[in-house]
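Positions are given from 1 along the sequence. What you see below is based on every heavy atom in this structure, not just the backbone, and it leaves out hydrogens, waters and symmetry mates. Quick caveat, the model's predicted, so the values are computed rather than measured.
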Amino acid sequence: MINEHRSFRDGYPAGGSGLGDSALPEDSGQLGRAHGGRMLGAVMPVWYIGSLVLVAIWAAAGRHHDSTGLIVTAGALLLLSVIMSILLLVPINNRGKTWTPENRPEDWKEQMNRWDRWHYVRVAVIIAAFALLVAALT
C-alpha cells in the first residue's frame, strides 16, 4: 500500500513498465518488463506491418488527391518507426524478456532506461505519422 501511495504521489503508474518500475516492490518491475516483452513482442509486428500496409493502400488509392504527400510522408515515418524498432528496441527487448532476478546482468536498469528513451522517440515518430494521416483526411 505504501508503494502504491508513493507511486501515485510521485506521478508514477502503480504498475506496468517505464518510469514506474522504480516504484514497484522488489523485482516486480523487471519481471513485468520480461512478461510484457514476451507478450507484446509477439503482437507488435502485426500492428506495425498492418499499419504500413493500410497506409500504402491509402496512398495508392488516393494517389491523385492533394493529400497523397501527407500520406506518403506518414508512411515513411511509420517505416522509420519499424526500422527503429528492429535496430534499437528489439535487441534490448529480446535480452530483457529472458531475464529473471537470478540471471539479469548488472547493467539491466541501464539497458531498460535506454529502451525507454528509444521507445519515447519511436512514440513521437508514430504520433507525428498519425497526425499527418489525420491532416490528410481534411
Side-chain angles (χ1 to χ4, degrees):
M1 181 69 168
I2 292 171
N3 284 337
E4 290 176 16
H5 173 71
R6 188 183 80 229
S7 298
F8 180 76
R9 182 196 69 216
D10 294 342
Y12 298 130
S17 64
L19 295 173
D21 284 354
S22 61
L24 293 173
E26 300 174 17
D27 296 316
S28 299
Q30 188 264 311
L31 292 170
R33 279 183 178 268
H35 179 69
R38 288 187 298 273
M39 300 301 291
L40 291 175
V43 178
M44 295 297 280
V46 174
W47 291 338
Y48 283 111
I49 292 169
S51 295
L52 280 171
V53 168
L54 290 174
V55 168
I57 291 170
W58 186 2
R63 66 184 169 273
H64 301 296
H65 294 276
D66 294 336
S67 61
T68 304
L70 293 173
I71 298 167
V72 170
T73 304
L77 287 173
L78 290 175
L79 181 61
L80 174 63
S81 75
V82 169
I83 292 168
M84 288 176 64
S85 295
I86 292 169
L87 296 179
L88 303 169
L89 293 153
V90 169
I92 298 171
N93 191 59
N94 284 343
R95 289 189 301 270
K97 69 184 181 182
T98 63
W99 295 339
T100 65
E102 293 79 30
N103 73 359
R104 65 187 178 209
E106 292 292 322
D107 69 337
W108 74 274
K109 285 187 180 182
E110 179 183 312
Q111 291 188 52
M112 292 297 97
N113 288 335
R114 187 177 320 120
W115 188 93
D116 286 341
R117 288 189 304 272
W118 284 118
H119 172 68
Y120 298 145
V121 172
R122 177 180 61 179
V123 168
V125 168
I126 292 169
I127 289 171
F130 282 99
L132 289 173
L133 292 174
V134 168
L137 290 172
T138 58

Enter the distance from [X]:[atom1] to [Y]:[atom2] here, rounded to the nearest 0.5 Å.
X	Y	atom1	atom2	value
L89	D116	CG	CG	9.5 Å
L52	W47	CG	CH2	15.0 Å
L87	W118	CG	CH2	10.0 Å
I71	L78	CD1	CG	12.0 Å
R38	N94	CZ	CG	12.0 Å

Transitive ILVMFWY side-chain link [X] to [Y], under 4.5 Å:
X	Y	answer
I83	L77	yes
V90	L79	no
W108	W115	yes
M112	L40	yes

- Query: With distance as the sole test, does Q30 use its side chain to make a donor-acceptor pair with the main-chain N or O of W99 at under 3.5 Å?
  - Reply: yes
- Smallest heavy-atom separation, A34 atom then G96 atom, equals CB-O, 3.6 Å
Can you list everything that forms a side-chain contact (heavy atoms from CB on, under 4.5 Å) with [X]? Sequence neighbours excluded, please.
X	value
I49	V53
P45	none
I86	V82

- For residues 87-113, pull every pair meeting salt bridge (charged side-chain N to carboxylate O under 4.0 Å, His left out), keeping only residues two or more places apart or in separate chains. D27-R104, E110-R114
All N/O donor-acceptor pairs, side-chain side in residues 55-66, below 3.5 Å, sequence neighbours left out:
{"from": "R63", "atom 1": "NH1", "to": "A60", "atom 2": "O", "distance (Å)": "2.5"}

- Query: Does any non-hydrogen side-chain atom of L88 lie less than 4.5 Å from one of I92?
  - Reply: no
Expected list for residues 121-138: side-chain donor-acceptor pairs under 3.5 angstrom, two or more places apart:
{"from": "R122", "atom 1": "NE", "to": "Y48", "atom 2": "OH", "distance (Å)": "3.4"}
{"from": "R122", "atom 1": "NH1", "to": "S85", "atom 2": "OG", "distance (Å)": "2.8"}
{"from": "R122", "atom 1": "NH2", "to": "H119", "atom 2": "ND1", "distance (Å)": "2.9"}
{"from": "T138", "atom 1": "OG1", "to": "A135", "atom 2": "O", "distance (Å)": "2.7"}

